[in-house]
Amino acid sequence: MIDLKDLRDNPEKYQRGAALKRVTVDIAAILKADEQRLAAQREFERLRFEQNKASTEIGRLKEPAEKKAAIARMGELKQQVKEAEERMKTAEAQIEPLLLQIPQPPDADVPEGKDASQNVVLYRWGEPRKFNFTPKSHVDLGLALGLIDFERGVKIAGSRSFYLRSLGAELHQAVLRMAFDMMTREKGFTGMTVPVLVREEAMRGTGFFPGGRDQAYDVDPGPDERFLTGTAEVGLTAYHMDEVLEESTLPRKYVAVSTCFRREAGTYGKDTAGLYRVHQFDKCEQVVICRNDIEESKTWHREMLSYAEEMLKRLNLPYRVVQCCTGDIGIKNASQIDIESWMPSRANDKDPDSGYGETHSASRLYEFQSRRLNLRYKDAEGKLRFCHTLNNTVAASPRILIPILENYQNADGTVTIPEVLRPYLNGREKIG
RNA sequence: GGAGAGGUGGCGGAGCGGUUGAACGCGCCGGUUUCGAAAACCGGUCUGCCCGCAAGGGUAGCGGGAGUUCGAAUCUCCCCCUCUCCGCCA
């Protein structure tokens, strides 16, 4: 949710922000609806003032006859108030969905672009491996080593479903646990579990709804309607919904591993093979809730990015860091930086820069979510302010298993287990 | 699933249908007092929105929504949530 007062003062800022994000919104029409709403509100409040005044007067009258006469005079006013209130409510109902659609304008340092193809590579880490044999894809490795079973996954759960088995399942748990441990034990994050089945308020509050409604599984429609979350970001960020935090307790740093559900609507035919794009996966996610300070947000953004990089460095997986362009950062973000890990099976000989696939996504949202969530804190002067929120992946699996399996494969078809994961696999060094 | 009880300000806890945004207590902030502190005493202490340069004024809010009424925290209905007991169960 954007700041309505700021929208009134700087409509062009939001119109331009939406254009940069390739989102269609008619700011002028929204402002007009806003003015109509305000007019209706002023009218209602004026009439209500009259009514309250008269009612108080009636309460003071002692003489039954006088009282009766005064009450009789109230009939018309009562009707007017009722009508004015209805007009006000109608106007409010009209503008609310419009406001939820207005994107947060991208920060000035976000490059303009229409889609992911125009994202900008900031820097790289690690040297993509040169194989002296023909490397297998994670699909081939996974099947040959008995780590993945797509066939039965599809049989039981439909397309984009899979089973991890044996050391595949263990590896999956190992990466997630390593990520969680790093954040809680070394980075000072509070480890959490989160609900993955949530109310609509949590989805709307974190900015996934109404825009992304078709991406979420709607479980149990009706009065108890709940949705499956596509990330622990929902549970972690909404945790303090409707609360006023003490400034001294900020920043709040939370991390959780959760199962994530995504319908992947509109991606038919895209990344259909393998573990890259699936309907259900597990992810270790970091969330920071900090003071309302742009510089502090930016600092946290870099910091959280560095944690994700550290994860990849410890796994010794080559990656590149990408500044997403205005057309690719979604309506919520002021800025978004992705990390793309190198996946040999996605590389092709013609393009030396190919082979990178998104494994992490770091978002900076400023007040966007906290306004929707009514998530505030009391500052030094005792003033209530909206918090800033940020989030980033620490590790998402099985997607992260793609670069692990593919980069660590050996000529004999075995896979060496990354050293940092061995403690989580009872010291085992190799698969196969 | 069956049977009850309840949801009021940061917390506890009142509240005959009519100056109740809400007594009282605690907490918190400021002041007096003190060498300093405690205690005591005095004062202050919710939020959204609208109007206003401001001071201030208006409006809304007692789980949520609808209704009765000139007027609802107080009455009626629906929903949500919490708690207790019984049953069932990973």
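Letters A, B, ... mirror the listed sequences (proteins, then strands); counts begin at 1. The analysis underlying the following values was restricted to heavy atoms, covering all of them including side chains, and did not include hydrogens, waters or symmetry mates.
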Candidate nucleotides [options], ranked by approach to the side chain of [X] - the nearest:
X      : options             : answer
A/R226 : B/C50, B/C81, B/C70 : B/C81
A/R376 : B/C50, B/U59, B/G48 : B/G48
A/S55  : B/G58, B/C50, B/G71 : B/G71

Check the orientation of A/Y307 and A/F189. Use parallel for under 30°, tilted for 30 to 60°, and perpendicular for over 60°. perpendicular
Tell me, which stems hold RNA chain B, with a stem being 3 or more Watson-Crick or G-U pairs in a row and both distances under 3.5 Å?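 B:1-7 with B:80-86, B:10-12 with B:24-26, B:27-32 with B:40-45, B:46-51 with B:56-61, B:63-67 with B:75-79 - these are the stems of 3 or more pairs that involve RNA chain B.
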Whole-Å gap separating C1' (B/C49) and CD (A/E43): 17 Å
Rounded to whole Å, how long is the line connecting atom CD of A/E247 with atom C1' of B/C28?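 In whole Å, B/C28 C1' and A/E247 CD are 17 Å from each other.
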Give one of base, sugar-phosphate or nothing for [X], where a contact means two heavy atoms less than 4.0 Å apart.
X      : value
A/K89  : sugar-phosphate
A/R385 : nothing
A/Q51  : sugar-phosphate
A/R199 : sugar-phosphate

Note: for A/M74 and A/K53 on RNA chain B, the residue whose nearest nucleotide lies more 5' is A/K53
Closest-nucleotide 5' rank along RNA chain B - winner of A/K378 and A/A72: A/K378
May I ask you to establish whether A/R346 and A/Y276 are in a cation-pi arrangement, using a distance under 6.0 Å from NZ or CZ to the six-membered ring centre and at most 45° from the ring axis? yes
Is the cationic atom of A/K155 (NZ for Lys, CZ for Arg) positioned less than 6.0 Å from the six-membered ring centroid of A/Y163 and within 45 degrees of its normal? no
Can you check whether [X] has a side-chain N or O nearer than 4.0 Å to OP1 or OP2 of [N]?
X     : N     : result
A/N52 : B/U19 : no
A/R48 : B/C50 : no
A/R46 : B/G58 : no

Give me the distance, rounded to whole Å, that separates [N] from [M] when you measure between the [atom1] atoms they each carry.
N     : M     : atom1 : result
B/G64 : B/G7  : C1'   : 12 Å
B/C80 : B/C41 : P     : 49 Å
B/A60 : B/A55 : C1'   : 23 Å
B/G63 : B/C70 : C1'   : 28 Å

Identify which one of A/D107, A/N391, A/N333, A/T389 satisfies the side chain to side chain donor-acceptor pair (under 3.5 Å) criterion when paired with A/R364. A/D107
Would you mind checking if [Y] and [X] are paired as a salt bridge, meaning a charged N to carboxylate O distance below 4.0 Å?
X      : Y      : value
A/R160 : A/E264 : no
A/K383 : A/D379 : no
A/E285 : A/K283 : yes

Looking only at atom types and distance, does a side-chain atom of A/N10 sit under 3.5 Å from a main-chain N or O of A/E12, one as donor and one as acceptor?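 No.
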Counting only heavy atoms from other residues, nucleotides and ligands, does the tally under 6.0 Å from CZ of A/R22 exceed 12?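 Buried by this count: over 12 neighbours within 6.0 Å.
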Please list, chain by chain and in numerical order, all residues satisfying ring pair (Phe, Tyr, Trp, His ring centres under 6.0 Å) with A/Y424, sequence neighbours excluded. none
Which residues in residues 75-86 of chain A have at least one heavy atom lying under 4.0 Å from any atom of RNA chain B? A/K78
